[in-house]
**Q** 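Got a structure for you, questions after.
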There are 2 protein chains.
Amino acid sequence: MTLTETAGRARVLRIAAALFAERGFHGTSVRDIAVACGMRPSSLYNHVQDKNDMLVEIVGRYLDALDAVLPDASSAPGDGAARLDAMIRASLAAARAHPDEFLTLSNSWTHIRRAPELAGIVVRRDAGRALWADALAAGVADGSLRAGLDPGEVLRIIFSALHGSLDHRFDVPEAAAAPAGSADTLVALLLDGLRPRPEPRTESAG
Amino acid sequence: MTLTETAGRARVLRIAAALFAERGFHGTSVRDIAVACGMRPSSLYNHVQDKNDMLVEIVGRYLDALDAVLPDASSAPGDGAARLDAMIRASLAAARAHPDEFLTLSNSWTHIRRAPELAGIVVRRDAGRALWADALAAGVADGSLRAGLDPGEVLRIIFSALHGSLDHRFDVPEAAAAPAGSADTLVALLLDGLRPRPEPRTESAG
DNA sequence: GTCTATAGGTAGATAGAC
DNA sequence: GTCTATCTACCTATAGAC
């Protein structure tokens, strides 16, 4: 079937992403990936250039999806809180569309940052982060987000909360039955907190 | 000096913890640790049994600190929200007292879970998790925490938010100037959210 | 595009001199 | 308690037959 002309590479990358997401870059050997693909390690190199090449393409796939929605969300109409709401939903949607690619980025970050040939990934991630800092500052300025919280810490918490919403590695076996879920839990928790609001009216942007 | 009888081991573990926290277990070689200690890899084995032994002791140190405060916090007086508030503060205090040990646990979790000889760590962690699930359920039952959110996802978000509050690996260089900070940002964000509350009165337990 | 064979390097860990 | 020397196993990656 000529349809599978590049399916070999796509399949390899899909399987590699699953392993990277589960065990991290350093915890996954080229051998592991080859075995999971049903081939010898040497055969892998007919589909990919090297191990870092896989990482670049896998993570790039998620970053592409994020770039396609995050800038629009960050310039959504409304106040800073509405923009943040839209950005959380957009990021979660992109990550849910490419869960292994997203987790590969998160779980291999220290390697990415230490490898000079992966600097492109760091640049792209930092660019996205600037959008978040913008929306957060705008919300504080217009009064739609509370002031007095350390912006750097708030950003770290938002990012890791996004991660936690998706990463089930820490689940106990009994809790593993969680379905896909919507973005509402994460948005509700980050914007309105775990405590019930006195007024149940919702002000979030659609 | 007999005073330094075990200081060698303590120093090795301290340095190993810093490397594990920064690069993860798989990203840190025994050689790396030895070099950072100013000795040859073989000399390390006069202080520790093997690489996993270091991990067990490092992570155990954080879990000990957590065990010393989390059960008390989880049975704090007040409603479920007050208990959750106390647990967040207790966990953050334990993690801030042993930051490298806490990050070693987080960043090496996939290895810990896959290594049978590290099962003891998993057991201890799962036991702590049960306390969180308890307080969360109690808060939903007594109305101090909102209902309708997936408990498993809420727990994952709480844990990763704790992580994000401490882990600066994702920071851009300009944002790295963040000071120690208090637990207030994390507690405020998780319990009351980023949006300002209509009434500014605080109901949190002391 | 898969394989066998292997290179060249590094991993964790041990033996034994000092 | 540190060192040199070394072991075995595994790592990423390449060469070349089929």
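Just the heavy atoms: all of them, side chains too, but no hydrogens, waters or symmetry mates, feed the values below. Naming convention: chains lettered A, B, ... in sequence-line order (proteins, then strands); numbering from 1 in each chain.
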**Q** What is the separation between atom CG on Asn52(B) and atom C1' on dA13(C), rounded to the nearest whole Å?
**A**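 Distance check: Asn52(B) CG to dA13(C) C1' gives 13 Å.
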
**Q** Indicate yes or no: does Arg124(B) engage Asp67(B) in a salt bridge with an N to O separation below 4.0 Å.
**A** yes

**Q** Could you tell me if the side chain of Phe170(A) sits less than 4.5 Å from the side chain of Arg113(B), heavy atoms only?
**A**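 Of all side-chain heavy-atom pairs linking Phe170(A) with Arg113(B), none is under 4.5 Å.
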
**Q** Has Arg125(A) got its NZ or CZ under 6.0 Å from the middle of the six-membered ring of Trp109(A), at an angle within 45 degrees of the ring axis?
**A**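 Pair Arg125(A)/Trp109(A) counts as cation-pi.
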
**Q** Check the phosphate of dC3(C) against Ser43(A), side-chain N and O only, distance under 4.0 Å to OP1 or OP2. Yes or no?
**A**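 Ser43(A) to dC3(C) OP1/OP2: side-chain N or O found under 4.0 Å.
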
**Q** Salt bridge between Asp79(B) and Arg83(B), side-chain N to carboxylate O under 4.0 Å?
**A** no

**Q** For the residue pair His111(A) and Asn52(A), confirm or rule out a side-chain donor-acceptor distance under 3.5 Å.
**A**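 Yes, side-chain donor-acceptor contact under 3.5 Å.
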
**Q** Could you tell me the separation between the NE2 atom of His47(A) and the P atom of dT14(D), rounded to a whole number of Å?
**A**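 Distance, rounded to whole Å: 15 Å.
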
**Q** Taking Asp167(A) first and then Arg156(B), would you say they form a salt bridge - that is, a charged N and a carboxylate O separated by under 4.0 Å?
**A** no

**Q** Whole Å only: how far is the CZ atom of Arg40(A) from the C1' atom of dT14(D)?
**A**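 Answer to the nearest Å: 17 Å.
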
**Q** What nitrogen or oxygen pairs link the protein and nucleotides 9-12 of chain D at under 3.5 Å?
**A**
residue: dC11(D); atom: OP1; partner: Ser29(A); partner atom: OG; Å: 3.4
residue: dT12(D); atom: OP1; partner: Val30(A); partner atom: N; Å: 3.3
residue: dT12(D); atom: OP1; partner: Lys51(A); partner atom: NZ; Å: 2.9
residue: dT12(D); atom: OP2; partner: Val30(A); partner atom: N; Å: 2.7

**Q** How long is the line joining CE of Met39(B) and P of dC3(D), in whole Å?
**A**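 Nearest whole value for this atom pair: 7 Å.
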
**Q** Could you tell me whether the side chain of Leu70(A) reaches within less than 4.5 Å of the side chain of Ser91(A), counting heavy atoms only?
**A**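 Touching, per the 4.5 Å side-chain cut-off.
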
**Q** Let's see if you get this right: which residues in residues 108-120 of chain A place a heavy atom under 4.0 Å from DNA chain C?
**A** none

**Q** Output, in order, the C-alpha distance, side-chain angles, deciding distance and verdict of side chain to side chain contact (heavy atoms under 4.5 Å, CB included) for Ser165(A) and Arg96(A).
**A** CA-CA 10 Å; Ser165(A) 186; Arg96(A) 284 221 172 104; 4.0 Å; yes

